[in-house]
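Given the structure is predicted, the values throughout are model-derived calculations rather than measurements.
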Amino acid sequence: MNETFHRRRVRRVAVLAILACLAIGSASAVAPSTAPAAEATPGDAISVPLGVKRGSGLRAAGLRISALKPARLRGGALVLPVTDVSLPEAGKGQLVLAGGLRLRSGGRATTIRGLLLTVSGGRVTVTAKLGTSRRVLLLGAAAPDGGVDATRLAVSVTGARARLSRAAATGLSDRLARKIGATALGTVRGGATVYLPPVAPAGSAPGNDPLPADQDSLSRPASAVDVTGASLRWWLRDSWVEYIANGGYEPIALGSATANVVAGSVHHCADVGANSPSAPHVYAVDLPFSNGWYDAASGKAVLKHGGGARFYFPGHGIDISAQSAELEFNGAQSRALFSFSEAGAYSDRRAVLGALVVDSPPGPGVAGTYRVALPDSTGEGVFAGFYTAGSGFGCFEASFTVAG
């Protein structure tokens with residue numbers, strides 16, 4: 001066994017016990033009150049207003065303002081780089097801002113630093129440390145098109161009109177020995193998305209993994225006809241999604257795929273944990289149709305789709321992508337294949353995700369749901385070591401049409 005593969009297997013064994021707990025749907029195990037922060041994309045920033053016009057708010061006459069690096073002053077606002085992004089719960093996003101502000105009045109001075117912006121329920125709140133105590137600094141209403149997007153791991157504020165809070169006004173008044181009112185300051189703008197490194201970094205060595213050799217596609221019978229259109233929704237295993245989200249990252253749609261945030265209570269697969277949390281997550285991904293064929297005589301069909309999903313949990317060494325789905329309907333040999341990549345191990349390896357459990361052969365215009373069963377061998381498949389052999393891994397909801 002080579003060293004790289006050995007390290008990977010040890011790491012997977014370490015998380016297996018955690019995943020086993022998640023599989024039984026324990027709400028307390030997968031729904032903490034806060035989630036780890038993830039690094040923001042370089043260059044993302046928030047503009048915090050200091051006054052609607054010169055002479056108002058924190059731009060009042062007699063107040064001298066200077067930025068604490070790496071923040072900077074620009075056009076009557078303090079522009080602060082975003083260092084971290086967190087989506088601690090559905091509909092709530094938080095941004096950690098770097099730098100701060102120093103205010104002087106006469107011989108008095110105080111600092112505002114450690115800013116944390118929260119977007120939730122159409123409201124924007126900025127807390128900060130005034131001197132040594134943390135207080136609510138700004139309060140505002142978020143614009144309708146601003147907010148939290150779990151499918152993009154993004155938090156944005158497109159135009160929240162903010163006011164200095166009473167607590168902050170009182171604190172600043174005391175520290176600067178002058179009256180500062182809880183007044184309108186202007187509009188908060190900006191946002192940030194989570195920084196994600198390349199799916200498969202350069203230098204990844206093929207072969208250091210448990211994936212079998214590339215899989216041959218199902219042969220097309222002479223009597224088969226072209227599939228002209230198809231829809232495919234991949235419902236991901238609920239406990240896997242909750243586990244990834246517990247690390248601060250939702251499953252990420254790749255290419256032209258579309259991520260869907262839905263409540264766990266409406267998860268479509270039959271094997272969803274009975275006690276699965278109802279909190280919304282990216283449980284489903286829509287994969288766009290590429291091409292395929294259907295043979296009425298044998299009931300066989302192949303559906304090929306683009307896009308995919310990425311599962312990213314750097315704290316536990318997980319960075320797995322599945323793209324270019326191929327569903328083969330072939331009786332008891334029905335299966336789902338993807339091109340898999342795992343950072344540091346392999347890139348674009350064609351392999352079986354699992355068998356497709358089909359109650360009846362699909363046909364043109366017939367929508368169906370097909371359960372995924374992972375490979376029977378614990379040493380095969382991209383999720384070997386994560387789940388026991390033959391375990392379910394969600395399901396596919398599919399339908400298609402044919403020529404003629």
Side-chain angles (χ1 to χ4, degrees), residues 2-23 26 29-32 35-39 84-88 150-153 193-211 234-254 257 259 281-285 307-323 338-349 351-354 372 374-375 378-389 391-394:
N2 64 60
E3 182 181 357
T4 302
F5 179 69
H6 176 70
R7 288 198 302 268
R8 185 167 174 269
R9 296 292 297 159
V10 169
R11 176 255 296 168
R12 287 188 163 180
V13 170
V15 302
L16 187 57
I18 299 174
L19 289 166
C21 293
L22 294 177
S26 168
V30 297
E39 181 182 353
D84 295 281
V85 181
S86 175
L87 280 66
T151 66
R152 295 178 50 246
L153 300 177
T193 57
V194 170
Y195 170 73
L196 296 170
V199 172
S204 297
N208 298 326
D209 61 86
L211 294 187
W234 183 15
W235 288 91
L236 306 167
R237 177 171 172 145
D238 58 331
S239 62
W240 175 252
V241 171
E242 291 149 14
Y243 171 62
I244 295 296
N246 195 40
Y249 298 83
E250 295 283 341
I252 303 156
L254 298 176
H281 287 296
V282 177
Y283 284 113
V285 180
R310 183 180 183 184
F311 310 110
Y312 189 65
F313 191 167
H316 284 183
I318 296 172
D319 188 358
I320 298 171
S321 296
Q323 299 188 82
F338 281 88
S339 290
F340 291 103
S341 298
E342 183 168 2
Y346 53 84
S347 179
D348 294 326
R349 291 285 302 279
V352 173
L353 169 67
V372 178
L374 295 176
T378 56
E380 292 183 356
V382 71
F383 295 106
F386 286 126
Y387 296 104
T388 57
S391 295
F393 195 83

When rounded to the nearest 0.5 angstrom, what distance separates CD in Glu250 from OG1 in Thr151? 9.5 Å
State, yes or no, whether a side-chain contact exists between Asp319 and Pro314 at a heavy-atom distance under 4.5 Å. no
Separation between CD1 of Ile244 and CD1 of Ile320, rounded to the nearest 0.5 Å: 7.5 Å
All side-chain contact (heavy atoms from CB on, under 4.5 Å) counterparts of Ser339, not counting sequence neighbours: Ser324, Arg350
Would Tyr249 and Val194 count as a side chain to side chain contact (heavy atoms under 4.5 Å, CB included) if you check the C-alpha gap in whole Å, the side-chain angles of each, and the deciding distance to 0.1 Å? CA-CA 9 Å; Tyr249 298 83; Val194 170; 3.3 Å; yes
Shortest non-hydrogen separation from Phe340 to Ala322 and the atoms involved: CE2-CB, 3.6 Å
Go through it in stages, so that I can follow the logic: the residues are Ser391 and Arg237, the test is side chain to side chain contact (heavy atoms under 4.5 Å, CB included), and I'd like the CA-CA distance, side-chain angles, deciding distance and then a yes or no. CA-CA 10 Å; Ser391 295; Arg237 177 171 172 145; 3.8 Å; yes
Can you tell me if Glu242 and Tyr283 form a side-chain donor-acceptor pair at under 3.5 Å? yes
Which word best sums up how the rings of Phe393 and Trp234 line up, parallel for under 30°, tilted for 30 to 60°, or perpendicular for over 60°? tilted
Any chance the rings of Phe311 and Trp240 have centres within less than 6.0 Å? yes
With rounding to the nearest 0.5 Å, note down the distance linking CD in Glu342 to CZ in Arg349. 11.0 Å
Looking at the rings of Tyr243 and Phe313, which for Trp means the six-membered one, are their centres under 6.0 Å apart? yes
Full working for side chain to side chain contact (heavy atoms under 4.5 Å, CB included) between His281 and Asp238: CA-CA 9 Å; His281 287 296; Asp238 58 331; over 6 Å; no
Just how far is it from atom CG of Leu196 to atom CD1 of Ile252, taken to the nearest 0.5 Å? 4.5 Å
Chi angles and distances behind the side chain to side chain contact (heavy atoms under 4.5 Å, CB included) call for Leu236, Val241: CA-CA 7 Å; Leu236 306 167; Val241 171; 3.6 Å; yes
What closest approach, in Å, do Gly308 and Val285 show between heavy atoms, and which atom pair accounts for it? O-CG1, 3.8 Å
To check you understand the geometry: which heavy-atom pair defines the closest contact between Ala253 and Ala259, and what is its length? CB-N, 3.7 Å
Can you give me the closest heavy-atom contact between Arg152 and Thr193, atom names plus distance? NH2-CG2, 3.5 Å
Exercise: identify the closest heavy-atom pair between Gly354 and Pro375: CA-CD, 4.3 Å
